[in-house]
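Chain letters run A, B, ... following the sequence lines, proteins first and then strands; every chain starts at 1.
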Amino acid sequence: MFALCDCNNFYANCERVFNPSLNNKPVIVLSNNDGSIIARSNEAKALGIQMGQPYFQARKVIEEHKVAVFSSNYELYGDMSNRVMTVLSGLAPETEIYSIDECFLGFPGWQEAELLTYAQDIKEKVKNWTGIPVSIGLAPTKTLAKAANKVAKKSEKVCLIRESSDIDSLLENLPIEELWGIGRQYAKLLKANSIHTALQFKNMPDGWIHKHLTIMGLRLAYELRGVSCLPLEKVQQTKKAICTSRSFGHYVSTYTEMEEAVSSFVFKCSEKLRKEGTAASVVTVFIHTNTFNTTLPQYSNSQTLRLPVATDSTPELIHYVLKGLKAIYKPGYAYKKAGVIVTGIVPNHAIQQNLFDEVDRAKHTQLMTTIDQINKRLRKHTDKFQSPVKFAVQTHSTKEANWPMQRKYLSPCYTTRWDQVLKAS
DNA sequence: TCTGGGGTCCTAGGACCC
DNA sequence: TCTGGGGTCCTAGGACCC
């Protein structure tokens, strides 16, 4: 069984922990430059204030109802998040930190009855020890736990879903656009095909789902059917990309100012790299004008540069990023946003260790053999699938970084899932 | 006047190699 | 003269998440 523990209105409640007089009052938190609304307490939601809404648009309601307004304080939220996660990892046998305010918990082999009371206990302890209220949903797969959590949010109780009849009624009442993994585009597509609830989606044929929503959609459908395809990621992976970007509070229209801003982004990126113990071998710099103001001339561009050797050093990275910036910067525009992304990330210490290389090669050979076998078997069943199934190993070469290890992603559920499909056919 | 920031994964296709 | 299969590496773009 999986649980999803989600902090309620996280940023708003972080502010409340340090200012209890705000309890039961509307609270909102604003983005950088106080541009838009990124968190709302229940009371603020009830006033009709929308997530992501520009601050100036909601200003009237905010003043009318004396809503408490905060500029975002990410250090505080990060710190509160750490406290919550620490409590959770002390209480649950397995945990996966999914985001700043969400954590998956694993309870392998636990009985339903004890789990329900135990989860209730966790909820209370987190509230008492950190001040942050949380919701917990329990179910056989992560996707179902996410859905159960939505119910838990409304009822203030832990929600446990197990029996298939419970699952079906849960999904029947879940609009398709609220399903984890279905965004705006997919919701549009599905509705156009008369799929309005998660239950309807669950019952669609595999071939159709794979054709229109790729492998992600199929995985999602299996998860809804109670087949777990998304394992708990117990160890936190190092980041594959690190990005620092900002919207400017005012327009930037000189190269000097842009150079200064971009340099500070690089500084932050390299800081994050060092914190993770990694180094980057590719950098991207991008700039653009205000996309909301269509009366101004628009321009946006980016440039990606490959470094000769992976590095985490600020001056080295700045050297390449500024080279890129010079190539794309055009005078005469009012720039509103810029950013730096570093990728081609390798473990910093690993460069001296060729050990990794051998382990990886062995794994790779094994992987390719497995994929080959599955593909052969699948070809016999092509009529079951409207498009041929392609198994791919995505590789990310870091050769230029003097590091021979290749990075791959191939989710384990590829093999298990298709094995099940084949067994069934 | 004023519209966030930081990530993940998948797919298709081209260049190239043996 | 005619015609391949299997694989790597990379890029661009699209979808999604919080």
Side-chain angles (χ1 to χ4, degrees), chain A residues 4 6-7 9-11 29-39 50-59 71-72 74 77-78 81 97-103 142-143 146 177-189 210-220 230 233 236-251 265 268-269 272 282 284 290-296 302 304 306 336-345 364-365 367-368 371-372 375 387-400 406-411 413-414:
Chain A
L4 176 65
D6 187 327
C7 301
N9 310 328
F10 186 53
Y11 294 171
V29 178
L30 304 176
S31 66
N32 232 13
N33 303 326
D34 295 343
S36 60
I37 296 157
I38 54 167
Q50 297 299 308
M51 177 72 172
Q53 196 178 12
Y55 180 40
F56 70 91
Q57 263 181 23
R59 204 153 204 161
S71 295
S72 42
Y74 290 105
Y77 311 147
S81 173
I97 298 172
Y98 178 68
S99 73
I100 192 159
D101 67 340
E102 282 170 280
C103 188
K142 280 171 139 186
T143 308
K146 267 291 234 195
E177 66 270 19
E178 287 183 28
L179 183 61
W180 189 39
I182 301 296
R184 258 217 290 279
Q185 300 302 316
Y186 283 155
K188 210 163 94 186
L189 173 86
H210 182 244
K211 186 180 168 193
H212 292 97
L213 290 94
T214 79
I215 203 78
M216 307 284 277
L218 202 48
R219 210 175 281 163
L220 193 60
L230 305 171
E233 308 280 350
Q236 233 176 339
Q237 306 294 321
T238 59
K239 290 190 173 59
K240 298 182 174 76
I242 288 173
C243 169
T244 305
S245 69
R246 287 285 176 282
S247 291
F248 304 125
H250 59 280
Y251 289 116
F265 299 158
K268 285 213 172 109
C269 283
K272 290 183 199 171
V282 177
T284 301
N290 189 353
T291 48
F292 290 99
N293 189 340
T294 46
T295 60
L296 287 174
S302 73
T304 301
R306 203 162 303 284
K336 186 66 181 168
K337 190 173 177 176
V340 170
I341 308 168
V342 300
T343 51
I345 289 177
H364 183 242
T365 312
L367 199 58
M368 292 314 294
I371 291 172
D372 216 44
N375 269 338
S387 55
V389 178
K390 189 184 170 190
F391 287 92
V393 182
Q394 270 283 2
T395 52
H396 193 150
S397 167
T398 52
K399 221 181 245 167
E400 303 212 18
Q406 291 164 352
R407 306 161 64 80
K408 324 175 166 56
Y409 18 88
L410 181 110
S411 311
C413 49
Y414 267 69

A/Gly35 or A/Met216: which one's nearest nucleotide on DNA chain B is closer to the 5' end?
A/Gly35
May I ask you to say what A/Arg59 touches in the nucleic acid, namely base, sugar-phosphate or nothing, with a heavy-atom cut-off under 4.0 Å?
nothing
Ring pair (Phe, Tyr, Trp, His ring centres under 6.0 Å) evaluation trace for A/Tyr98 with A/Trp180
CA-CA 13 Å; A/Tyr98 178 68; A/Trp180 189 39; 5.6 Å; yes
Over how many whole Å does the gap from A/Leu213 atom CG to C/dC17 atom C1' extend?
16 Å
If I take atom NZ in residue A/Lys337 and atom P in nucleotide B/dC2, what distance separates them, rounded to the nearest angstrom?
16 Å
What is the nucleic acid contact for A/Lys188, judged by heavy atoms within less than 4.0 Å: base, sugar-phosphate only, or nothing?
nothing
In whole Å, I'd like the distance from the CD atom of A/Glu102 to the P atom of B/dT8.
16 Å
Starting at CG of A/Asp101 and ending at P of C/dC17, how long is that distance when rounded to a whole Å?
14 Å
Pick the closest DNA chain B nucleotide for A/Phe56 and for A/Thr244 by heavy atoms, then say which residue is nearer the 5' end.
A/Phe56
Applying a 4.0 Å non-hydrogen cut-off, can you work out what A/Leu30 is touching in the nucleic acid: base, sugar-phosphate, or nothing?
nothing
salt_bridge(A/Glu177, A/Lys188) N-O dist < 4.0 Å
no
Touch check for A/Leu179, heavy atoms < 4.0 angstrom, all strands: base, sugar-phosphate only, or nothing?
sugar-phosphate
Nearest to the A/Ser245 side chain among B/dT8, B/dG6, C/dC18, which nucleotide is it?
B/dG6
Nearest non-hydrogen partners of A/Gln50 and A/Gln53, listed with the distance
N-OE1, 3.0 Å
Measure from CD on A/Gln57 to P on B/dT3 and round the result to the nearest Å.
11 Å
Mind checking A/Phe292 for me? I need base, sugar-phosphate or nothing, with any heavy atom below 4.0 Å counting as a touch.
base
By nearest atom, which of the nucleotides C/dA15, C/dT11, B/dC10 is closest to the A/Ile215 side chain?
B/dC10
Tell me the stems DNA chain B sits in, counting at least three consecutive Watson-Crick or G-U wobble pairs, each under 3.5 Å on both distances.
B:5-18 with C:5-18
Gap between atoms NZ and P, on A/Lys239 and B/dC9 respectively (whole Å):
12 Å
Touch class at under 4.0 angstrom, heavy-atom based, for A/Tyr74 against every strand present:
nothing
Please work out if A/Lys336 contacts a base, only the sugar-phosphate, or nothing of the nucleic acid, heavy-atom cut-off 4.0 Å.
sugar-phosphate
Any side-chain heavy atom of A/Asn32 within less than 4.5 Å of one from A/Arg246?
yes
Cation over ring, A/Lys337 on A/Phe248, under 6.0 Å and within 45°?
no
Using whole Å, report how far CZ of A/Phe248 lies from P of B/dG5.
10 Å
May I ask you to check whether over 12 heavy atoms, not counting those of A/Lys268, lie within 6.0 Å of atom NZ?
no
For the pair made of NZ in A/Lys240 and C1' in C/dC16, what is the distance, rounded to whole Å?
15 Å
Nucleotide of B/dC2, C/dT11, C/dC18 approaching A/Tyr251 most closely (side-chain heavy atoms)
B/dC2
Side chain to side chain, A/Thr284 and A/Val340, heavy atoms closer than 4.5 Å:
no
When we call it a touch if two heavy atoms are under 4.0 Å apart, what does A/Phe10 touch: a base, just sugar-phosphate, or nothing?
nothing
Distance check, C1' atoms only: B/dC17 and C/dG4, in whole angstrom units.
14 Å
Distance, nearest 0.5 Å, that separates CD1 of A/Ile38 from CE of A/Met51:
7.0 Å
